[in-house]
Amino acid sequence: MVRILLAEDMLMLRRALVALLELEADLEVVAEVDAGDKVVPRALEVRPDVAVLDIDLPGMDGIRAAGLLHERLPECRTVILTSLGRPGNLMRALQAHASGFLLKDADPSQLAAAIRDVASGKQVIDPQLAVATLQIGDNPLSPRETEVLRLASEGEDVPEIARRLFLSAGTVRNYLTTSVTKLNARNRMDAVRIARDMGWL
């Protein structure tokens with residue numbers, strides 16, 4: 001019997017996934033959570049074999065939760081579910097030691113098979129996303145440019161970013177301009193969108 005922890009913030013979808021998985025004789029959902037910051041504490045209580053995590057969880061995203069889960073409970077393997085097949089997110093998930101990465105529109109039988117495979121030590125990745133990921137390049141942004149763009153993506157204005165990073169406002173503007181140029185973006189928000197799609201933010 002494969003013991004599963006399921007993290008999904010949408011109640012209807014979470015209940016549907018539980019119902020689908022429990023139709024499988026060898027799978028058992030032993031815990032459900034609705035936020036990323038609840039994943040590790042609950043996993044430490046119930047000791048699942050596999051955690052199935054939505055990528056977009058409140059509190060902490062599924063990829064960060066997967067990384068923490070690997071640190072605290074390395075024997076529990078992780079499958080990330082996403083509605084958007086962004087190659088950069090696959091790279092982040094692999095860096096966080098996720099063993100599976102599937103799109104939410106996959107056939108339910110694929111999820112059950114992926115959980116079994118991951119529990120047995122295999123890696124399961126959506127094939128089209130794997131190909132797309134191999135085709136993207138490295139992050140062209142420096143760590144500082146990434147940090148400035150991340151704060152901008154959170155709605156911080158230039159003076160606030162400057163204050164938080166102990167930089168001048170002019171230096172922050174230069175980092176933002178350089179980021180826009182490096183990403184061939186139209187403007188700052190387009191740069192944020194591109195960087196997010198590639199998994200660099």
Side-chain angles (χ1 to χ4, degrees), residues 2 4-21 27 29 31-43 48-74 76-119 122-136 139 141 146 149-150 153-155 189 191-201:
V2 178
I4 301 163
L5 178 147
L6 178 64
E8 166 59 61
D9 62 317
M10 295 177 66
L11 179 61
M12 188 180 296
L13 180 54
R14 188 171 71 246
R15 291 286 160 81
L17 286 169
V18 169
L20 283 168
L21 292 173
L27 304 181
V29 178
E32 304 171 40
V33 296
D34 59 4
D37 49 6
K38 295 178 181 177
V39 169
V40 172
R42 193 73 180 105
D49 302 304
V50 177
V52 178
L53 311 178
D54 179 28
I55 200 169
D56 294 314
L57 291 169
M60 177 188 300
D61 72 46
I63 294 175
R64 285 184 57 213
L68 284 176
L69 188 57
H70 179 75
E71 289 174 18
R72 300 291 303 279
L73 195 67
C76 177
R77 298 171 67 80
T78 306
V79 175
I80 301 287
L81 292 180
T82 181
S83 54
L84 297 172
R86 293 176 174 163
N89 283 337
L90 172 56
M91 296 298 290
R92 286 180 55 226
L94 293 175
Q95 289 163 3
H97 303 280
S99 301
F101 197 93
L102 292 177
L103 296 175
K104 282 185 178 178
D105 64 359
D107 188 276
S109 64
Q110 282 183 272
L111 176 58
I115 290 170
R116 290 185 190 100
D117 285 345
V118 162
K122 297 176 186 171
Q123 225 173 23
V124 180
I125 296 168
D126 179 89
Q128 290 181 328
L129 194 52
V131 170
T133 301
L134 290 172
Q135 294 171 344
I136 68 170
N139 183 355
L141 304 178
T146 302
L149 195 60
R150 179 177 291 114
S153 76
E154 293 168 0
M189 295 320 296
V192 167
R193 179 192 60 76
I194 292 167
R196 277 188 174 149
D197 284 351
M198 301 303 258
W200 297 330
L201 285 186

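Scope of the values below: all heavy atoms of this structure, side chains included, with no hydrogens, waters or symmetry mates. This is a predicted model, so every value here is computed, not measured.
Taking NE2 from H97 and CD from Q95, the interatomic distance works out to 9.0 Å, rounded to the nearest 0.5 Å. Distance check: Q123 CD to R77 CZ gives 7.5 Å after rounding to the nearest 0.5 Å. Here L69 contributes atom CG and T78 contributes atom OG1; the two are 4.5 Å apart, rounded to the nearest 0.5 Å. Taking CG of L27 as the start and CG of L21 as the end, the distance is 6.0 Å to the nearest 0.5 Å. Here the CD atom belonging to Q110 is positioned 9.0 Å from the CG atom belonging to D105, to the nearest 0.5 angstrom. Between the CG atom of L73 and the CG atom of D49 there is a distance of 9.5 Å, given to the nearest 0.5 Å.
Looking only at side-chain heavy atoms (C-beta outward), L141 and L149 come within less than 4.5 Å of each other.
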Tabulate below the donor-acceptor pairs under 3.5 Å that side-chain atoms of residues 9-17 make, not counting sequence neighbours, or state none.
from: R14; atom 1: NE; to: E32; atom 2: OE1; distance (Å): 3.1
from: R14; atom 1: NH1; to: E8; atom 2: O; distance (Å): 2.7

Please table the atom pairs, donor to acceptor, closer than 3.5 Å between any side-chain atom in residues 53-65 and protein atoms at least two apart or in another chain.
from: D54; atom 1: OD1; to: K104; atom 2: NZ; distance (Å): 3.1
from: D61; atom 1: OD1; to: I63; atom 2: N; distance (Å): 2.9
from: D61; atom 1: OD1; to: R64; atom 2: N; distance (Å): 2.8
from: D61; atom 1: OD2; to: R92; atom 2: NH2; distance (Å): 3.2

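The shortest heavy-atom contact between I115 and V50 is O-CG2, 4.0 Å. The two residues C76 and A51 have their closest heavy-atom pair at SG-N, 3.7 Å.
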| query | So I125 and L90, side chain to side chain contact (heavy atoms under 4.5 Å, CB included) or not? Walk me through it. | reply | CA-CA 9 Å; I125 296 168; L90 172 56; 3.7 Å; yes
| request: Could you walk me through whether L68 and V39 pass side chain to side chain contact (heavy atoms under 4.5 Å, CB included), step by step? | output: CA-CA 9 Å; L68 284 176; V39 169; over 6 Å; no
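Applying side-chain contact (heavy atoms from CB on, under 4.5 Å) to F101 and the options V79, T82, L94, L81 leaves one that passes, T82.
Under the rule for a salt bridge (charged side-chain N to carboxylate O under 4.0 Å, His left out), D37 has no partner lying at least two apart in sequence or in another chain.
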